[in-house]
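Below is one structure, written out as structure tokens, with a few remarks after it.
When a ligand or atom number is given, it counts from 1 through the structure's own listing order. Residue indices begin at 1 and follow the sequence shown.
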Amino acid sequence: MTSAASQITDLPQERRLVTAIPGPLSTALHGRRTAAVSAGIASTLPVYTAKAGGGVIVDIDGNSLIDLASGIAVTSVGNSAPLVVAAVSEQVANFTHTCFMVTPYESYVAVAEKLNALTPGSHEKRSALFNSGSEAVENAVKIARTFTRRQAVVVFDHAYHGRTSLTMALTAKAMPYKKGFGPFPGEIYRVPMSYPFRDNGISGKEAAARAISMMDKQIGGSEIAAVIIEPIQGEGGFIAPADGFLPAISEYCTANGIVFVADEVQSGFCRTGDWFASDHEGVVPDLVTTAKGIAGGLPVSAVTGRAEIMDSVHGSGLGGTYGGNPLACAAALAAIETMETLDLNAAARRIEALAKPRLTALAESTGRIGDVRGRGGMLAMEFTVAGSLEPDAAAAAAVAKACHAQGVVVLTCGTYGNVIRLLPPLVIGEALLSEGLDILEEAVRTVQV
Ligand SMILES: *Cc1c(COP(=O)(O)O)cnc(C)c1O
């Protein structure tokens, strides 16, 4: 939502439909894909991308779609953001890989320094870089277990932490993430989240007491290595816990020598209007996991946290061939510089100021939406049968489908599949965002289930 267009993209920032969605070229390519790509990998909207930038995705049929998804909260700085393109181009010409564990390079160190400075808390920190959000969460568990010499890991209802063997076990939802993929690793315990819309008015403190009591009774605080929580849950439905919940959980961790891990893979890097969602909650995690928004789309992730915890691991205990690849590090430094120069925290807050009142008014006027929530550029509507808490997944799916047909990319999420989430690139222009919301509103008003 900045006028400095040349710092964002040269692509026209417009919705333009020249064929049905998906168009004939996308449909043909989808046939090829089905014969070549595993059916286990699905796509929300099978229009095939040709170019993308700012708030638009241009497909191979020449349609220009409004992007309210950012490839799942990744391209916060926009697609092919100019600084990212320049930094990666320069790096790719210099060297593409040495492996940081063989002969290291400066950009990895610089990314670690940036992460140490930007993550919550002024204590001494260290970082380690990996490739995906799942890998970061896995490594946070390894680090917490080594440091504490304990094994138990506590996660929450509605949690999403990834799809690898360990992280799918940390993830709550069976379908599609876990079904048929067991057995799962042990020493993982799940406790209730604070979910204000479905919590019958209990406070954040009371919800924390409920979770803490379960930890105490069923595991014992002295046995727990780590408590892992998304400060605003992502795939689980953009659930923001009630005030006081996270501080109480964090205090319990400190009192019991438990490593408090904030999984900021989706909520980090200006997405919620702060560098990290934990900032808003006033909690200082022991470890923070990051990925998605960090590098404008190049794959890199990180664990950042207290030096004594991060340094407790023996040499060569952490790592990986590609972790902190030089192209990804160049992209991360350029993406973070873009966030700073364009002030994307302010941009995220402007998105909230523009979109949230419209979504709230829509909820009131249609009766189809039980709850509007989220912060910054991480906003959601939970669809329910009017006047009840009963999830209405069919309505969410139908609204998403209607938006797609009109060239607006939105995503659903939630344990009950009844949430539409908005994750626009934080650089999206105000006019384009408003047009996307017009179409979304029209769909909510008119779509029949
Ligand atoms: C997406 C996500 C992950 C997993 O990240 P991948 O890069 O897909 O492995 C972990 N935690 C949260 C909160 C996420 O949103």
Task: Charged tip of Arg163 within 45° of Phe181 ring normal and under 6.0 Å - done: no

- [ ] Among all protein heavy atoms, pick out the one at the shortest distance from atom 2 (C) of ligand 1; state its residue, atom name and that distance to 0.1 Å.
- [x] Lys292 NZ, 2.5 Å

Task: Geometric N/O contact Glu230 with ligand 1, under 3.5 angstrom - done: no

Task: Under 4.0 Å to a heavy atom of Ser132 - the qualifying atoms of ligand 1, by number - done: 7 (O), 9 (O)

TODO: Can you pull out the closest protein heavy atom to atom 5 (O) of ligand 1? Residue, atom name and distance to 0.1 Å, please.
DONE: Gly133 CA, 3.2 Å

TODO: Answer with yes or no whether Gly234 contacts ligand 1, where contact means a heavy atom under 4.0 Å from a ligand atom.
DONE: no

Task: Polar proximity ligand 1 side, Val265 side, N/O cut 3.5 Å exclusive - done: no

- [ ] First locate atom CZ of Arg145, then atom OG of Ser312, and finally report the distance between them rounded to the nearest 0.5 Å.
- [x] 13.5 Å

Open item on the list: Is it the case that the ring center of Phe276 lies less than 6.0 angstrom away from the ring center of Phe269?
Closed with: yes

Open item on the list: Can you report which non-hydrogen protein atom sits closest to atom 9 (O) of ligand 1, along with the distance?
Closed with: Ser134 OG, 2.6 Å

Open item on the list: Would you say that His158 contacts Tyr195 through its side chain, given a criterion of any heavy-atom pair below 4.5 Å between the two side chains?
Closed with: yes

Open item on the list: Does this structure show an ion pair linking Glu135 with Lys142, if we count only N-O contacts that are shorter than 4.0 Å?
Closed with: no

Task: Separation of Arg210 CZ from Met215 CE (nearest 0.5 Å) - done: 11.5 Å

Task: Glu235 N/O to ligand 1 N/O under 3.5 Å - done: no

Open item on the list: So that I know where these two stand, are Tyr322 and Phe130 an aromatic pair - ring centroids less than 6.0 Å apart?
Closed with: no

Open item on the list: Would Gln233 count as a contact residue for ligand 1, given that I'm defining contact as a non-hydrogen atom of the residue lying under 4.0 Å from a ligand atom?
Closed with: no

TODO: Return a yes/no value for Glu135: is any of its N or O atoms, backbone included, closer than 3.5 angstrom to an N or O of ligand 1?
DONE: no

Task: Minimum-distance protein heavy atom relative to atom 11 (N) of ligand 1 - done: Asp263 OD2, 2.7 Å

Open item on the list: Taking Asp311 first and then Arg126, would you say they form a salt bridge - that is, a charged N and a carboxylate O separated by under 4.0 Å?
Closed with: yes

